Number of protein chains: 2
Amino acid sequence: MTTMKDVAKHAGVSKATVSRVLNKKGYVSKEAEASVLKSIKELNYQPNSVARSLYHKTSGMIALVLPDISNPFFPELARAVEDVALAYGYTVVFCNTDEEIEKEKRYFEALQQKYVDGIILSTSSQAPDEYHKLDLPLVALDRFLGENIPTVVSENKRGGELATQHLLDNGCKNLAHLRGPEGVGPAEDRLEGFRKVVSKEKCSYTVRTAGFDMERAKQETYKLFQDKPDIDGIFAGSDITAAGALHALSTLGKKVPEEVKVIGFDGIPLGQMFVPGITTMEQSIYDMGALAARLLIKQIEKKPIENYIHEFPVHLVVRGTTEEVMT
Amino acid sequence: MTTMKDVAKHAGVSKATVSRVLNKKGYVSKEAEASVLKSIKELNYQPNSVARSLYHKTSGMIALVLPDISNPFFPELARAVEDVALAYGYTVVFCNTDEEIEKEKRYFEALQQKYVDGIILSTSSQAPDEYHKLDLPLVALDRFLGENIPTVVSENKRGGELATQHLLDNGCKNLAHLRGPEGVGPAEDRLEGFRKVVSKEKCSYTVRTAGFDMERAKQETYKLFQDKPDIDGIFAGSDITAAGALHALSTLGKKVPEEVKVIGFDGIPLGQMFVPGITTMEQSIYDMGALAARLLIKQIEKKPIENYIHEFPVHLVVRGTTEEVMT
DNA sequence: ATGAAAGCGCTAACAA
DNA sequence: TTGTTAGCGCTTTCAT
């Protein structure tokens, strides 16, 4: 490996001058600069970023901590984060926590030891003050972690309302909500939206917990129809949940959307691949990830942040599971 | 931040002793050790891995370079890599190249400057010798990069054969293969498998390029049936491609599997979420990722590698798009 | 068994 | 304008 020392010798100057050229800092004569640049080329020199990190106590890396990249909601988020990071010259480290507090702690330790410059968090196993103790730039993505941590989320409650309303607008009388995991912010908010509408409209409804997991959603749907065979509208807490429900409905011989209508949440690509397409409340997943990354980098670069809460609107995307449309 | 110096002072020993305790290397008296350990606890000291990296020229990081994490084939792979990395104490950096050579080059530079210990490559934009020049432990995953680079792939050709045979076994007479991107190893191999069977069986067939992209697959399927309305069996180069084909077929009013049978490739979760489930040649995606990570770490730790080529078997998973089964 | 000191590659005062 | 030097935090040889 060529080091700065080699370049300095080759160019007949001191390391300091090489450093100045590299960082365009301080005075360097035209000749010296030219000679250094030439030596860099000839020796194919690349500055060592570890040595730089040691001095600056920064690494040019940001971490993305999420529950599980194989959950289809996250890849697009991750992609967005990485795109922005690349554009600003940062590298992304990624960490799957499975929502396990132990894993999360181990990661935080490792990340700090590596001088990562900041963390985007899409999990929330820890108590909020644990996060403050980190003393690192943080952004909460799709989760709420505390007042003074910049947060990027969707209008989940409003989405819950709109989704529920959409079922009612299409003539559903007996609703079910297959809610996401308890304790997970967005799932709670969507439920709240659902509750608000059904109570206002005074319609019959039931709520079941199905996680964000297809198999579980399937089982819950079977049970649901055992208990309440007259359900005619399902608001699933995620598109994956909706897929599970559709599976069960198909096995039960229920026609969708004629007998039962189903709406999901998220707007993951899966939804439009399905036949019929899954009606859903679409989130701006990519944009959320990109904004989170930008907010993080702003903090890292000590630029001011205007708003701490960024709520993205959600959009109803009508497909075949609630209306007979051309997909 | 507490450094080793602080610990040394607090414990009344030298930095060298602290280092010895930390690394369990060299002689340290019981008393000294106890005192150091105590100080570490009290000061809540964490060794600085950047400083370590600088000395050792290793970082404890491995990179995963892939075309696009939001392609559903990759998240599970990534997850596997990360799980293994975590188990061995490594951190994973991930890089989306979009198969662009420029991006790939930029990443390689950045990664080398950061002393990443090795790279898992699921792309292949560069010429093989470019990779050798890197002089870093490498593993090729789902791609072939050269003789002396450990490689983890599926039996794509065999999979192509089995998939094609499955269609024939189910009575298909006019086959189409919606092949993956040209120049991409696995896509070529699957095609080869297809060719082998159709030519042996002397059945009528056609081949169209559909990439690994759902929208394109849809369009190609429309065109396909315009040209050849009597196609009754489609071997799609990936499950995503299959999803696109199914979409088109649904719009065209073709009944699946009665009039047209469809088989995909990959075994991504999407396939079983579909109604009807997508018949597919399943790859052991997670296991492949995990093995690739283990092979990489073996190289990093200078342990001997027995086999350079690891071909994973593929499995036919029959679902509703080729046979009328209960899903 | 332990410490002093040099060095990993780079940056930034401070002199000159 | 340039070089010398100390130092980022850690490891390791070499004395002692």
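Fair warning: this is a prediction, and the values are worked out from it, not measured in the lab. Order of the sequence lines fixes the chain letters, A, B, ..., with proteins taken first and strands second; residue numbering starts at 1 for each chain. Values reported hereafter were calculated over all heavy atoms of this structure, with side chains retained and with hydrogens, waters and symmetry mates removed.
- Atom CZ of R20(A) is separated from atom P of dC10(C) by 15 Å (rounded to the nearest Å).
- Remark: the D68(A) side chain and the S70(A) side chain contain an N/O donor-acceptor pair separated by less than 3.5 Å.
- K298(B) has a carboxylate O that lies under 4.0 Å from a charged side-chain N of E306(B), or vice versa, which qualifies the two as a salt bridge.
- Rounded to whole angstrom, the span from the OH atom of Y45(A) across to the C1' atom of dG9(C) amounts to 7 Å.
- Within 4.0 Å of V18(B), counting heavy atoms only, lies no atom of the nucleic acid at all.
- Between dG9(D) and R52(B), no contact under 4.0 Å exists linking OP1 or OP2 to a side-chain N or O.
- Following rounding to the nearest Å, Q46(B) (CD) and dC10(D) (P) show an atom-to-atom distance of 11 Å.
- Side-chain atoms of A51(B) lie closest to dG9(D) of the nucleotides dG9(D), dG3(C), dG9(C).
- Following rounding to the nearest Å, K57(B) (NZ) and dG9(C) (P) show an atom-to-atom distance of 3 Å.
- Taking every side-chain heavy atom of T17(A) into account, dG3(D) is the closest of dG9(D), dT12(D), dG3(D).
- Straight-line distance from the CD atom of E31(A) to the P atom of dT1(D): 10 Å, rounded to whole Å.
- Nucleic acid contact for V13(A): sugar-phosphate only, since backbone atoms but no base atoms lie under 4.0 Å from a heavy atom of the residue.
- Two residues are said to be in side-chain contact when any heavy atoms from C-beta on lie closer than 4.5 Å; H10(A) and V7(A) fail this criterion.
- Atom NE2 of H56(B) and atom C1' of dT12(D) are 9 Å apart (whole Å).
- Using a 4.0 Å cut-off, no side-chain N or O of S29(A) falls inside it from OP1 or OP2 of dT1(D).
- In terms of position along DNA chain C, the nucleotide closest to A32(B) lies nearer the 5' end than the nucleotide closest to the other residue of the pair K5(A) and A32(B).
- OP1 and OP2 of dC8(C) both lie 4.0 Å or more from every side-chain N or O belonging to N48(A).
- Of the side-chain N and O atoms in S14(A), one or more sit less than 4.0 angstrom from OP1 or OP2 of dG3(D).
- Atoms CG (L22(A)) and P (dA12(C)) sit 12 Å apart, rounded to a whole Å.
- Phosphate proximity of dG3(C) to K15(B): absent, as no side-chain N or O sits under 4.0 Å from OP1 or OP2.
- Below 30°, between 30° and 60°, or above 60°: for F108(A) and Y131(A) the angle between ring planes is above 60°, a perpendicular geometry.
- Taking atom CD on E33(B) and atom P on dT2(C), their separation rounds to 10 Å, with Å as the unit.
- By the 4.0 Å N-to-carboxylate-O rule, E82(A) lies too far from K103(B) to be salt-bridged with it.
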